[in-house]
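Below is one structure, written out as structure tokens, with a few remarks after it.
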Protein chains: 2
Amino acid sequence: MTKTALTPGISMRSYRKGSQMDYSEIIDIFESHDKFLILTHKSPDGDTLGSGFGLCYFLRDMGKLANVVNSDGFPNRYDFMYVDYAPQDFEPEYIIAVDIADPTLMGSSLIEYQAPDVVDLCIDHHVSNKHFAKKSHVEGNTAAAAEILYKIFKQSGRKLSDIIAKCLYTGMATDTGCFKYENTTPETHLAAAELMAYDIDFANVNRKMFDVKSKGRIKIEQIVTGSMEYHINDKCAIISITTELMESCGVDQAEFDGLASIPLSAEGVVLGITIKQRHENVFKVSVRTTDEMDASAFCNYFGGGGHIRAAGCEIKGTLEEVRAKLLERAKQVLLA
Amino acid sequence: MTKTALTPGISMRSYRKGSQMDYSEIIDIFESHDKFLILTHKSPDGDTLGSGFGLCYFLRDMGKLANVVNSDGFPNRYDFMYVDYAPQDFEPEYIIAVDIADPTLMGSSLIEYQAPDVVDLCIDHHVSNKHFAKKSHVEGNTAAAAEILYKIFKQSGRKLSDIIAKCLYTGMATDTGCFKYENTTPETHLAAAELMAYDIDFANVNRKMFDVKSKGRIKIEQIVTGSMEYHINDKCAIISITTELMESCGVDQAEFDGLASIPLSAEGVVLGITIKQRHENVFKVSVRTTDEMDASAFCNYFGGGGHIRAAGCEIKGTLEEVRAKLLERAKQVLLA
């Protein structure tokens with residue numbers, strides 16, 4: 001793969017894994033086809049949408065026909081990317097998946113594309129990519145799929161429109177927590193610096209992505225945080241979300257996603273646990289840890305798994321039983 | 001002033017104001033003196049401390065004697081910058097203020113340095129800088145004082161130690177909300193990219209700076225958010241913090257700083273108001289607005305002032321009276 005060194009002298013990490021193509025080969029594909037369908041993943045986030053729409057506008061600027069599709073629709077939250085987007089009417093000739101590591105992530109409405117070798121090209125940054133497409137370009141150490149696309153677009157030498165730059169910036173910013181997380185690389189910052197040369201209103205994008213919450217979400221966080229318990233010399237914090245609580249808030253179920261980072265936000269906590277009721281006597285447990293603890297190992301003990309800092313498992317019992325099991329294991333690990 | 005273009009082709013904004021020196025002149029000052037005292041501002045933040053300690057370590061690496069002082073001490077929150085710092089014993093020969101726009105910001109313990117021309121050099125990025133030092137280098141459009149120092153250090157050609165890079169990164173990250181706010185420039189991103197070449201553990205720095213809160217702070221935010229009221233078609237949100245509430249929480253007063261961003265975090269809110277009791281029947285009002293409203297003009301009406309997105313005023317009366325006055329004015333402005 002071509003390592004596009006944006007600035008000389010800055011060492012790039014080597015890529016962990018991936019079947020990588022030359023950017024010029026990808027640009028040739030864009031040039032040699034006319035009708036593109038771009039697939040984004042279900043429960044769409046800023047990176048899959050920023051990549052999808054960025055690519056769509058890039059191809060349209062090349063004079064191609066291109067559409068973006070998604071199993072779950074396009075959320076209002078990201079509407080600045082597609083407020084002026086209109087689907088075009090054509091029979092797709094070439095299918096590209098962006099930011100999709102596994103065909104099941106396409107979701108139920110895109111099931112027809114999930115069989116092997118239906119998708120022509122997959123552009124992704126997940127090391128876990130299943131290589132389900134005819135061709136895959138996977139950069140496991142690049143922060144966002146949008147960052148890969150930026151490098152490809154840059155190599156093409158074509159001028160980018162402001163909306164393309166804005167889509168790509170949004171993908172990079174959202175996947176890195178605004179350049180906050182470990183996956184941010186010098187290349188990510190360099191790409192952001194270059195994209196800021198366009199009219200992208202990045203401060204408003206960031207405000208919308210990181211600072212603004214719905215009234216329902218504010219209410220939920222307020223209630224859930226109020227129930228946070230500290231254990232084991234305040235090294236472990238637990239929040240619990242019961243079906244009853246979710247129903248009493250009267251807000252959309254989706255608003256209850258992504259609460260798992262709350263317990264770990266308390267100073268001194270190294271093990272943050274979120275217990276969320278699935279059914280009567282069945283609880284989904286999300287575990288987050290600092291670098292002092294292995295979340296994956298903790299969840300393995302309960303038959304679950306995941307990553308070293310973020311993992312999950314399912315535990316049966318009443319809320320009190322589940323909490324007691326988790327605390328018992330936490331004591332064994334933290335007081336060892 | 002020397003515009004150190006870190007990467008060619010990226011347009012830099014022109015500086016708004018400031019008496020600017022050549023970086024080489026500043027480096028000459030470092031070289032031609034031996035005993036430096038570095039002043040940082042009261043209620044120290046990541047930028048004044050990152051700049052102060054970054055400069056201190058840089059001067060020590062040049063073989064100079066250098067100390068950092070502060071009116072309010074060095075908070076634990078930033079201890080990774082100075083965990084190994086030890087003051088040196090010497091009589092200062094040259095005094096440098098960093099990130100200090102106004103001598104009163106030095107605080108009461110540094111009153112001896114507040115008279116005009118006591119400080120030899122001030123390096124700052126606030127357009128409002130009072131030019132109180134014998135020499136001032138002010139870049140009003142640079143995101144952080146630490147970013148200015150990085151450019152100076154870079155021009156010196158000296159190798160930076162990891163701790164210097166970590167201090168400077170922290171200053172830049174904290175003053176930009178991790179590259180989120182409007183003050184971030186392409187140069188900020190480029191400097192961050194270059195500083196990541198050092199061993200700075202930036203993800204842990206960012207976690208500590210942006211994601212971790214004290215238990216007391218979590219409790220306060222939880223209580224305050226619970227009392228948030230929405231008015232005028234949810235365009236205005238108000239939180240109120242009474243003396244009684246502050247006392248009942250049993251946490252340090254400093255934990256009540258910086259709550260003013262909470263009301264504006266609610267979707268659709270364009271006018272966020274925080275009412276905080278000072279004395280009986282005296283309330284400090286902090287106003288935050290989106291780009292749809294002028295916070296400064298709103299506060300001017302009540303005899304206060306500030307910036308276009310963040311301003312403040314003081315209003316006398318009971319909490320109910322203060323709230324009513326604010327809402328009446330808000331209706332006039334928002335429903336006009």
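Labels below follow one simple rule: chain letters A, B, ... track the order of the sequence lines, proteins then strands, and each chain is numbered from 1.
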Item to complete: Please check if any side-chain donor atom of A/Glu267 sits under 3.5 Å from a side-chain acceptor atom of B/Ser214, or the reverse.
Response: no
Worksheet item: Is it the backbone or the side chain of B/Val205 that comes under 4.5 Å from a heavy atom of chain A, or both, or neither?
Response: neither
Worksheet entry | Portion of A/Leu195 that has a non-hydrogen atom of chain B nearer than 4.5 angstrom | neither
Discussion item. Is it true that A/His189 and A/Glu187 share a donor-acceptor pair across their side chains at a distance under 3.5 Å?
Written reply: no
Worksheet entry | side chain to side chain donor-acceptor pair (under 3.5 Å) contacts touching residues 199-213 of chain A (sequence neighbours left out) | A/Asp79-A/Lys208, A/Tyr169-A/Asn206, A/Asp201-A/Asn204, A/Asn204-B/Asp291, A/Asp211-B/Lys180, A/Lys213-A/Glu221
Worksheet item: If you count heavy-atom pairs under 4.5 Å with chain A, which of B/Cys178, B/Ala192, B/Ala237 comes out on top?
Response: B/Cys178
Fill in: Residue list, side-chain hydrogen bond (donor to acceptor under 3.5 Å, both in side chains) with B/Asp175, at least two apart or on another chain
B/His125
Discussion item. Does any backbone or side-chain atom of A/Val224 lie under 4.5 Å from a heavy atom of chain B? Answer side chain, backbone, both or neither.
Written reply: neither
Item to complete: Look at B/Gly177, B/Gly268, B/Ala266 and state which one has the largest set of heavy-atom pairs under 4.5 Å with chain A.
Response: B/Ala266
Worksheet item: In terms of heavy-atom proximity below 4.5 Å to chain B, should A/Met228 be classed as side chain, backbone, both, or neither?
Response: side chain
Worksheet item: Nearest 0.5 Å, what's the SG-CD1 distance between A/Cys236 and A/Ile273?
Response: 4.0 Å
Discussion item. Which heavy atom of A/Arg323 sits nearest to which heavy atom of A/Ile238, and what is that distance?
Written reply: CG-CD1, 4.1 Å
Item to complete: Answer with side chain, backbone, both or neither: which region of B/Tyr181 has an atom nearer than 4.5 Å to a non-hydrogen atom of chain A?
Response: both
